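Here the structure is a predicted model, which is why all the values come from computation and not from measurement. So you know, we letter chains A, B, ... as the sequences are listed, proteins then strands, and number each from 1.
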Amino acid sequence: MSDMTEEQRKQLEEKIKKMSPEELQEFQKQQCIFCQIIAGKIPSKKVYSDDKCIAVMDINPATKGHVLLLPKEHYSIMPQVPDKEIGHLLMVSKYLSQIVLKTLKVSGTNVFVANGGIAGQRAQHFMLHLIPRKEGDKVLDVEDKLVDANIRAKVKDLVEPKLNALLGVKKEKQVTLPETTVELPETTEKVGGKKEQVLEEEEIEESEVEIPPKKEKLKTYGKKKKEKESKDVVKVKGVKEKKVTVGKEKIVELDDIASLFK
Amino acid sequence: MLERQNHPDIIYEDNDVAIAIRDFSTIAGQITVFPKQHHTILEMVPDELVQKCFILANKVSMAIFEGLGAQGTNLLIQNGLGAGQKIPHFAIEVIPRREGDGLKLQWDPKQLSPDEMDTAYLLIKEEADKLVDIGKKKKEDKKEEPKPEVKKEEGLKVTKAEGKENYLLKSMRRLP
């Protein structure tokens, strides 16, 4: 790219402007380093590949034996990846993790996904990190703190309806998934009962009564950095608006996240 | 697992998988997806269950984006003591992320000599080559099964022997 003359650069910029969304996606693929690795245009240390995914050694490893697992198709963020491929990816990482444990004689592995620039995603291509771990290596070392029960309850109120909405639509599809060998029959009724509860909760949430607790909750987030507080409150308003308009808004939101990497 | 039926922090459960809000977590709003059946580490979880857990984890991640207004999510599996696993039950952690949350879920690239890189690569590659194709491996299993039925005409003894062999082969594959 660096040896392009200014004229060429201008031409390229104009070209990008004229592109249709499909063409733009294709262009992104061409620009994606990992797509080029998958296509074999850039040499890599490939350890595994099948029709859906490919595993290569990370050139900037966190530890010795750090493997990247990439879907062959170009997805910039995780929500874009179809269920089948998501499942397949973790299944492959299970086998690779087994190999890593055996060959490198490490005491554990981390499977890690960074979803969004803020979460540490550095490339435009969705991937799984498989990181061999030894005690005291201080990689991905996270401290656990006790989260207040009130906060947990609020998180539940916020996330549960969304999750059920997502799963509710896809529940029929999930039935077609291969069933696992062990079944615990006693829970089936409960799930049905829960659903109804959730529906009620959703209705409540759209009313304005719910707003104060949300603010409270975000303020506790803000305790760590008080400057952030004002920003967070603005965000609450944004979230509220999104809740009222379902459907199209969701898709826009995902695209927004994707656009962070452009 | 410690968290069981009717626990207030459980937000979803079906026959195989449960999803709950973690009480001890790196940040408020961390949600964990775990199979109900007890498996200590990822390697012990059956393929289908692994797939289902991860699909659900993706859904949780989406729900966190929408419900909590998170700007990003991290999915983390701590597999083994050395990897920071605290509860001996396989689980996928979904961690909501926002700007300035102070979490350091990153790493500094390690400077390894080309030799070290190569040994790690070759060791993994050698074993991974044996895997061939995980998808195909399953199909091979299925192909082997119907064989005895075809040979039934030739004699029952043959089929019995083959059936046993297949069973042994299968149990061999299941060994960690």
**Message:** Report which part of B/Ser61 has an atom under 4.5 Å of a heavy atom belonging to chain A: side chain, backbone, both, or neither.
**Reply:** side chain
**Item:** Proximal component of A/Met57, with respect to chain B [non-hydrogen, under 4.5 Å]
**Value:** side chain
**Prompt:** Which region of A/Val81, side chain (C-beta onward) or backbone (N, CA, C, O), has a non-hydrogen atom less than 4.5 Å from a non-hydrogen atom of chain B, or is it both or neither?
**Reply:** backbone
**Message:** Centroid separation under 6.0 Å, is that true for the rings of B/His89 and B/His39?
**Reply:** no
**Asked** What part of B/Ile19 gets closer than 4.5 Å to chain A, counting heavy atoms only: side chain, backbone, both or neither?
**Response** side chain
**Message:** For chain B, which candidate among A/Arg133, A/His129, A/Lys102, A/Lys84 shows the most heavy-atom pairs at distances under 4.5 Å?
**Reply:** A/Arg133
**Prompt:** Using the ring of each side chain (for Trp, its six-membered ring), is A/His66 parallel, tilted or perpendicular to B/Trp107, with breaks at 30° and 60°?
**Reply:** perpendicular
**Prompt:** For the candidates B/Ile124, B/Leu123, B/Val50, which exhibits the highest count of non-hydrogen atom pairs separated by less than 4.5 Å from chain A?
**Reply:** B/Ile124
**Request:** Name the region of A/Lys52, side chain, backbone, both or neither, that has any atom closer than 4.5 Å to a heavy atom of chain B.
**Result:** neither
**Request:** For the residue pair A/Tyr75 and A/Glu85, confirm or rule out a side-chain donor-acceptor distance under 3.5 Å.
**Result:** yes
**Prompt:** Using non-hydrogen atoms only, which part of B/Leu76 is less than 4.5 Å away from chain A: side chain, backbone, both, or neither?
**Reply:** both
**Request:** Using a cut-off of 6.0 Å, state whether more than 12 heavy atoms not belonging to B/Leu122 lie near its atom CG.
**Result:** yes
**Asked** Where the side chain of B/Asn79 meets the backbone of A/Asn110, is there a donor-acceptor pair that is under 3.5 Å apart?
**Response** no
**Request:** Please flag which part of B/Ile92 lies under 4.5 Å from any non-hydrogen atom of chain A: side chain, backbone, both or neither.
**Result:** side chain
**Prompt:** Donor-acceptor pair, B/Gln85 side chain versus B/Gly80 backbone, under 3.5 Å?
**Reply:** yes
**Prompt:** In terms of heavy-atom pairs under 4.5 Å, which option from B/Ala57, B/Gly72, B/Gly84 contacts chain A the most?
**Reply:** B/Gly72
**Asked** Which one, A/Gly87, A/Ala55, A/Ala119, leads in non-hydrogen pairs under 4.5 Å with chain B?
**Response** A/Ala119
**Prompt:** Has the side chain of A/Asn115 got a donor or acceptor atom that lies under 3.5 Å from a matching backbone atom of B/Asn74?
**Reply:** no
**Asked** Any chance NZ of A/Lys105 has more than 12 other-residue heavy atoms, nucleotides or ligands included, within less than 6.0 Å?
**Response** no
**Request:** With a 4.5 Å cut-off on heavy-atom pairs, point out which of A/Thr109, A/Thr103, A/Val159, A/Leu163 contacts chain B the most.
**Result:** A/Thr109
**Among A/Lys46, A/Met78, A/Glu135, residue most engaged with chain B (heavy-atom pairs, under 4.5 Å)** = A/Met78
**Item:** Residue A/Leu104 versus chain B: region with a heavy atom under 4.5 Å
**Value:** side chain
**Request:** Mind ranking B/Asp118, B/Ile64, B/Ile41, B/Val94 by heavy-atom pairs under 4.5 Å with chain A and telling me who comes out on top?
**Result:** B/Asp118
**Prompt:** Heavy-atom distance under 4.5 Å to chain B: side chain of A/Lys134, backbone, both or neither?
**Reply:** backbone
**Request:** Evaluate salt bridge (Lys or Arg N to Asp or Glu O under 4.0 Å) for A/Asp50 paired with A/Lys72, printing each intermediate quantity in order.
**Result:** CA-CA 9 Å; A/Asp50 61 23; A/Lys72 281 193 169 170; 5.9 Å; no
**Request:** Given salt bridge (Lys or Arg N to Asp or Glu O under 4.0 Å), test B/Asp14 with B/Lys36 step by step and report yes or no.
**Result:** CA-CA 9 Å; B/Asp14 61 20; B/Lys36 283 189 166 179; over 6 Å; no
**Request:** Below 4.5 Å from any heavy atom of chain A, which atoms of B/Ile31 appear? Answer side chain, backbone, both or neither.
**Result:** side chain
**Prompt:** Taking A/His88 for the side chain and A/Cys53 for the main chain, is one N or O donor matched with an acceptor at less than 3.5 Å?
**Reply:** no
